[in-house]
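All remarks here apply to the structure that follows.
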Number of protein chains: 2
Amino acid sequence: MTDDAPGLDADQLDAYFALMEVGNLIQHAVEQQLRAEGDLSGVQFSILAQLSGAPGGSARMTDLADGVVYSRSGLTYQAGLLDKAGLITRRPSADDERSTTVTITDAGRARVARVLPGHVDVVRQMLVDPLSRRDLGTLGAVLIRVRDHLRAAPPRSAKPRSRGGSAKDS
Amino acid sequence: MTDDAPGLDADQLDAYFALMEVGNLIQHAVEQQLRAEGDLSGVQFSILAQLSGAPGGSARMTDLADGVVYSRSGLTYQAGLLDKAGLITRRPSADDERSTTVTITDAGRARVARVLPGHVDVVRQMLVDPLSRRDLGTLGAVLIRVRDHLRAAPPRSAKPRSRGGSAKDS
DNA sequence: TATTGTTATACTCTATAACTATA
DNA sequence: TATAGTTATAGAGTATAACAATA
């Protein structure tokens, strides 16, 4: 239907703009809270949170990169900061010496625990409270569908690395 | 109900994480497109788009700041770049000499027109296509409700400036 | 005195390319 | 040769505080 339309209709644009504005406002508020209460950036918190949920509190750099999008060097930079702060440790992986296994420390878990209440508070105030439980459920369901779609179709064309794969067209 | 709950339940967290991830992925893609096709950052595009829709293609710096969130100095910086590029003009406001009236130029409008198709394309691919029209409508409606809520209750506590207002408690 | 905007400055973050080491 | 990660470096962007000018 929307195949050769030069633009999007009003509803579609509204949804897009609202999504971006809401996302930015929440992100901004969350980053302020994380910085104030835990001296963490949003990215750093994401890394720690991801490790918290991982088996053994560990993951390889590559796994983390998949969840944080950023460039590898950017991840190395952030991991360096977290390491220096004693919130994670890094060591060569056991099975593959090329890999680095990142592990969250007790201090790291404590830091997450420290900022989590405030973090949750911000999310609740900005996103959860203004919606009925039912609407929030709907929102989540729809967004998860979008997310899965986006994960399945990564930055087509980008990623000179990591995608490697089958069809080398040169 | 969720009054003294220490955390959010799984559904609520899912919605939050999905929102942030989708927002970040789209923003990232959009910024790449804007940079590649129009040599614009996302913020710069926002400013130009806002001016495009304003009467006379003009707005005061303060009006722009309200729509872009960032600090005033950040806005001045971005406006400086747009000015240097010939995409906007700045001059003291007629009615209030303190204010700066920013106006989009023909070149500015042309630049917006140039990047818009690709911009719309990205949004369609990432957000519109994977959803039914109905789901997208629902998504938009819910997010708009959240957005209005957030706009009504600005960064409570923040903004030493601009909020001025009634109750000076000192 | 309050408000609008700019400037100076310091800092954080991200990306690109070159490089090392292991598979 | 391909993959995992780091390093060096450069550039963009943001925020804070001090400042100038008008209301």
Side-chain angles (χ1 to χ4, degrees), chain A residues 24 27-28 31-32 34-36 39-47 59-66 68-85 88-102 155 158-166 168 170, chain B residues 24 27-28 31-32 34-36 39-47 59-66 68-85 88-102 155 158-166 168 170:
Chain A
N24 281 329
Q27 185 161 52
H28 200 261
E31 295 203 331
Q32 272 191 277
L34 290 174
R35 179 66 67 191
D39 197 35
L40 290 174
S41 71
V43 178
Q44 288 158 12
F45 175 76
S46 293
I47 294 172
R60 296 176 309 152
M61 290 293 282
T62 298
D63 301 329
L64 292 177
D66 287 347
V68 189
V69 174
Y70 299 104
S71 61
R72 287 168 182 283
S73 64
L75 178 59
T76 297
Y77 171 74
Q78 295 294 344
L81 294 180
L82 291 173
D83 193 346
K84 202 181 316 178
I88 63 168
T89 59
R90 289 182 291 178
R91 57 181 54 194
S93 295
D95 51 313
D96 186 340
E97 289 271 329
R98 292 174 303 182
S99 287
T100 298
T101 295
V102 181
K159 300 284 170 185
R161 247 175 165 176
S162 95
R163 267 292 128 188
S166 31
K168 53 163 60 174
S170 67
Chain B
N24 281 329
Q27 185 162 52
H28 200 260
E31 295 204 331
Q32 271 191 277
L34 290 173
R35 180 65 67 192
D39 198 33
L40 290 174
S41 71
V43 177
Q44 288 159 10
F45 175 77
S46 293
I47 294 172
R60 295 176 310 151
M61 290 292 281
T62 297
D63 301 329
L64 292 177
D66 286 348
V68 188
V69 174
Y70 298 105
S71 63
R72 287 168 182 284
S73 64
L75 179 58
T76 297
Y77 170 75
Q78 294 294 345
L81 294 180
L82 292 173
D83 194 345
K84 202 181 314 177
I88 63 169
T89 59
R90 287 182 292 178
R91 57 181 54 195
S93 296
D95 52 313
D96 186 340
E97 290 270 329
R98 291 174 304 184
S99 287
T100 297
T101 295
V102 181
K159 300 285 168 183
R161 248 174 164 175
S162 95
R163 266 293 128 190
S166 32
K168 52 162 60 172
S170 68

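Every chain is numbered from 1, with letters handed out A, B, ... down the list of sequences. These numbers were taken from a predicted model, which means no experiment stands behind them.
Note: CG (B:L64) to P (C:dT6) measures 11 Å, nearest angstrom. Rounded to a whole Å, the CG atom of B:D95 is 11 Å from the P atom of C:dG5. When the P atom of D:dA20 is taken as reference, atom CE of B:M61 falls 19 Å away, rounded to whole Å. In this structure, A:R60 atom CZ and C:dT22 atom C1' are separated by 14 Å, rounded to whole Å. Rounded to an integer number of Å, the gap from B:D83 CG to C:dG5 P is 15 Å. One can place CG of B:D66 at 13 Å from C1' of C:dT4, the figure rounded to the nearest angstrom. The interatomic distance linking A:E31 (CD) with C:dT12 (P) rounds to 14 Å, in whole Å. The nearest whole Å value for the distance from the CG atom in A:D96 to the C1' atom in D:dA2 is 12 Å.
Considering only heavy atoms from C-beta on, B:L64 stays 4.5 Å or farther from B:R60 through its side chain. Counting heavy atoms from C-beta on, the side chains of A:D83 and A:V102 never come closer than 4.5 Å.
With rounding to the nearest 0.5 Å, the separation of CG in A:L81 from CD1 in A:I88 is 9.0 Å. Interatomic distance, CD of B:Q78 versus CG of B:L40, reported as 10.0 Å (0.5 Å rounding). Atoms OG1 and CZ, from B:T76 and B:R90 in turn, are 7.0 Å apart once rounded to the nearest 0.5 Å. A distance of 11.0 Å separates OG of A:S46 from CG of A:L75, quoted to the nearest 0.5 Å.
Nucleic acid contact for B:T100: sugar-phosphate only, since backbone atoms but no base atoms lie under 4.0 Å from a heavy atom of the residue. B:T76 comes within 4.0 angstrom of a nucleotide base, judged by non-hydrogen atoms across all strands.
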All N/O contacts under 3.5 Å from nucleotides 12-16 of chain D to the protein, with atom names and distances to one decimal?
unit_1: D:dG13; atom_1: OP1; unit_2: B:R35; atom_2: NH2; d: 3.1
unit_1: D:dT14; atom_1: OP2; unit_2: B:Q78; atom_2: NE2; d: 3.2
unit_1: D:dA15; atom_1: OP1; unit_2: A:H28; atom_2: NE2; d: 3.4
unit_1: D:dA15; atom_1: OP2; unit_2: B:S71; atom_2: N; d: 3.1
unit_1: D:dA15; atom_1: OP2; unit_2: B:S71; atom_2: OG; d: 3.0
unit_1: D:dA15; atom_1: N7; unit_2: B:S73; atom_2: OG; d: 3.1
unit_1: D:dT16; atom_1: O4; unit_2: B:S73; atom_2: OG; d: 2.5

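Applying the side-chain contact (heavy atoms from CB on, under 4.5 Å) test between B:D95 and each of B:P92, B:S93, B:S99 identifies B:S93 as the sole match.
Across the interface with DNA chain D, nearest-nucleotide mapping of A:L75 and A:R98 shows A:R98 to be the residue nearer the 5′ end.
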